[in-house]
Amino acid sequence: MALLPILHQPTDAEAVRFGQRSVTYWELRVVAAALARQLSGARRVAIWAQPTLETCVAMVAALAAGVPAVPVNPKLGTRELQHVIADSNPDLVLTAPHVTLPESLRAVPRLRVDLQADGVPAILAEPDPESPALIIYTSGTTGPPKGVVLPRRALAADIDALAAAWGWTAQDVLVHGLPLFHVHGLVLGMLGPLRLGSALHHLGSFSVDGTARELAGSATMLFGVPTMYHRLAEAAEQDRRVAGALGRARLLISGSAALSVADHRRIVAATGQHVVQRYGMTESLITCAVRAEGQRRPGTVGPPLDAVALRLVDDHGEILEISDDDTVGEIEVAGPTLFLGYLNRPDATAEAMHDGWFRTGDVATRSPDGYLRLIGRRATDLISSGGYKIGAGEIEEALLEHPGVAEVAVTGEPDPDLGERVVAWVVAAGDPPPTAEELTEHVVGLLAPHKRPRLVHYVPALPRNEMGKVRKAELR
Ligand code: MCA
Ligand code: AMP
């Protein structure tokens, strides 16, 4: 079956809506097929992934052409953008018509996405399911982000498994305001509805009001990260219209980070709805989900999807057969939803994989009926903030480039809204020392706004062990 079967038999049903602009499946097919013809021969393309209709058309065109697409966060700072472009080396960058691109992209030929197309160009032959479809950049604890190469087969298998888990059909209307350069917003949130022939109403950017408006209208499902549900819980407690809209939804689905038991309960109390959680990673796509008919237990991400093989292993790599809701093991996954490898990084791919199993680095317990409860990550240097994963090392390197920073350690500290917030512990140099605002802007300039420290502590020295490694636990 084709990755997007509906392009071969389009209907007049609404496909996607961004604000006032929307396209039917027929219209999407016409513009995407025309654009796909212009991409033929390209080895790889970058897509300037603003939350707009043009991004959606560009993505569908690249998939139709069988050309791997690299969605780029338009808010990346210079350092990260240079890395993504140098590493992925795209032949073209696709943008909406009136975008001004930053310096690091000027050398890449640009193609403007045109929503007017004449004629009805044929859809190209379906590419090999094993061929790469997307390259999505994800942060590790150290070094620059790695490009995760995802084949068409993984996207199709994951969306189908989620559709089965949630009874997700062409009759559903999905609403969300997630960014379109990560798995959550792009693969689940955009390609999901398009593969299933259902509609997506994208909010442009997340807001409580927009979410409530859509759920009071035709939307049946909501996707969001826990920070969004935290804000919705607060609003629903104050405003009966928000509570009523959330209460009407067929499914409220949360992922990318742990939804706190407290926020889960607040939403139940205000709206009567139990949020459904699911768990996954860029490399494996979504691997566990609470089923639409299943018990929605706070703090759990449900059992593995039907397509996914999942096991827990102990510190020695021995498989844990036990399911007592107590014994902790690292999650390893295998099956058709897995990535092909990291772009240009066979070393990192080899480290992450063994015998066909992917080491997630996430640790969990398993209940007798197979529900997983995420306990934490092996790597404490991976900060989870607003559903984004942020490597502490990357921010430390950026801060050390500031002349006013002699030494620095970055940690993730608990935050009621973001889950964790980025905190920098700085030994300052220079007189006067740099202000917290200066350091924040410095990070935003090199990396992306969501990686900026939300708090800067000035300390006379950093606690270190005999090896000179910072003892981060002592900072807190
Ligand atoms: C703020 N902004 C700035 C600055 N400060 N811009 C320039 N310089 C600054 N100093 C901008 C931000 O870019 C943002 O714009 C706006 O101002 C508000 O910023 P911020 O405070 O950072 O936003 P927030 O309120 O903290 O955002 C919360 C959020 C966001 C909306 C929940 O964190 C978010 O969208 N999270 C989703 C992350 C996600 O999709 N993760 C999935 C990956 P603007 O609002 O326009 O951006 S994980 C995944 O895919 C796996 C597989 C999975 O399981 O799902
Ligand atoms: P990423 O590295 O951006 O692909 O994000 C994947 C990570 O997000 C996983 O390794 C988990 O640590 C985390 N994650 C995703 N979904 C959940 C969830 N429902 N609960 C807790 N953590 C989650």
Side-chain angles (χ1 to χ4, degrees), residues 46 49 70-88 101-105 136-148 179 181-182 257 282 342-345 348 377 379-413 415 418-464 468-472 475-476:
V70 185
V72 179
N73 175 356
K75 293 207 174 123
L76 289 186
T78 46
R79 176 67 40 83
E80 219 175 333
L81 185 58
Q82 277 165 2
H83 166 72
V84 168
I85 296 306
D87 190 54
S88 62
L101 287 175
E103 201 53 47
S104 20
L105 267 166
I136 297 185
Y137 279 81
T138 179
S139 290
T141 50
T142 54
K146 299 188 288 278
V148 176
F181 42 81
H182 279 315
T282 307
Y342 297 109
L343 188 68
N344 306 324
R345 293 291 307 274
R377 287 195 59 83
T380 50
D381 276 347
L382 203 57
I383 301 165
S384 175
S385 186
Y388 285 110
K389 253 50 72 192
I390 304 172
E394 207 186 344
I395 307 173
E396 287 161 359
E397 277 170 37
L399 283 168
L400 279 174
E401 285 179 35
H402 192 286
V405 175
E407 289 178 54
V408 65
V410 166
T411 59
E413 303 299 326
D415 183 283
L418 296 169
E420 287 185 309
R421 64 172 165 260
V422 174
V423 175
W425 308 79
V426 170
V427 181
D431 193 17
T435 64
E437 290 70 36
E438 272 177 60
L439 295 179
T440 301
E441 288 311 311
H442 173 76
V443 172
V444 171
L446 292 175
L447 306 173
H450 67 265
K451 299 188 174 178
R452 70 191 188 277
R454 308 281 174 139
L455 192 62
V456 178
H457 289 297
Y458 294 90
V459 289
L462 295 173
R464 291 182 185 272
K469 204 168 162 348
V470 179
R471 292 186 214 266
K472 291 195 176 178
L475 284 165
R476 288 156 190 155

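Note that the structure is predicted; figures quoted are calculated from it, not measured.
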If you define the side chain from C-beta out and look only at heavy atoms, does anything of [X] sit under 4.5 Å from [Y]?
| X | Y | result |
| --- | --- | --- |
| His457 | Leu475 | no |
| Leu439 | Pro453 | no |
| Glu401 | His442 | yes |
| His182 | Ile136 | yes |

Whether Tyr388 and Phe181 hold their rings parallel, tilted or perpendicular, with breakpoints at 30° and 60°: parallel
Aromatic ring pairing His83/Tyr137, orientation class (parallel under 30°, perpendicular over 60°, tilted between):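 Rings of His83 and Tyr137: perpendicular, as their planes differ by over 60°.
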Results of salt bridge (charged side-chain N to carboxylate O under 4.0 Å, His left out) for Glu437 - residues two or more places apart only: none
Taking atom [atom1] of [X] and atom [atom2] of [Y], what is their separation to the nearest 0.5 Å?
| X | Y | atom1 | atom2 | value |
| --- | --- | --- | --- | --- |
| Arg464 | Arg471 | CZ | CZ | 11.0 Å |
| Thr138 | Leu382 | OG1 | CG | 7.5 Å |
| Lys389 | Ser139 | NZ | OG | 9.5 Å |
| Glu80 | Ser104 | CD | OG | 11.5 Å |
| Asn73 | His450 | CG | NE2 | 6.5 Å |

Quick one: closest heavy-atom pair of [X] and [Y], and the distance?
| X | Y | value |
| --- | --- | --- |
| Pro449 | Val444 | CA-CG2, 4.0 Å |
| Gly412 | Glu420 | O-OE2, 3.7 Å |
| Thr435 | Tyr458 | C-OH, 3.2 Å |
| Gly147 | Asp87 | N-OD2, 4.4 Å |

Give the table of side-chain donor-acceptor pairs shorter than 3.5 Å for residues 421-429, with sequence neighbours excluded, one pair per line with atom names and distance.
from, atom 1, to, atom 2, distance (Å)
Arg421, NH1, Asp415, OD2, 2.9
Trp425, NE1, Thr411, OG1, 2.8

Output side-chain donor-acceptor pairs under 3.5 Å for residues 390-397, partner residues at least two apart or in another chain, one line each.
from, atom 1, to, atom 2, distance (Å)
Glu394, OE1, Lys451, NZ, 3.2
Glu394, OE2, Lys451, NZ, 2.9
Glu396, OE2, Val410, N, 2.8
Glu396, OE2, Lys472, NZ, 2.7

Worked verdict on Leu447 versus Leu76 for side-chain contact (heavy atoms from CB on, under 4.5 Å): CA-CA 6 Å; Leu447 306 173; Leu76 289 186; over 6 Å; no
Thr440 (side chain) donor-acceptor with Arg454 (main chain) under 3.5 angstrom: no
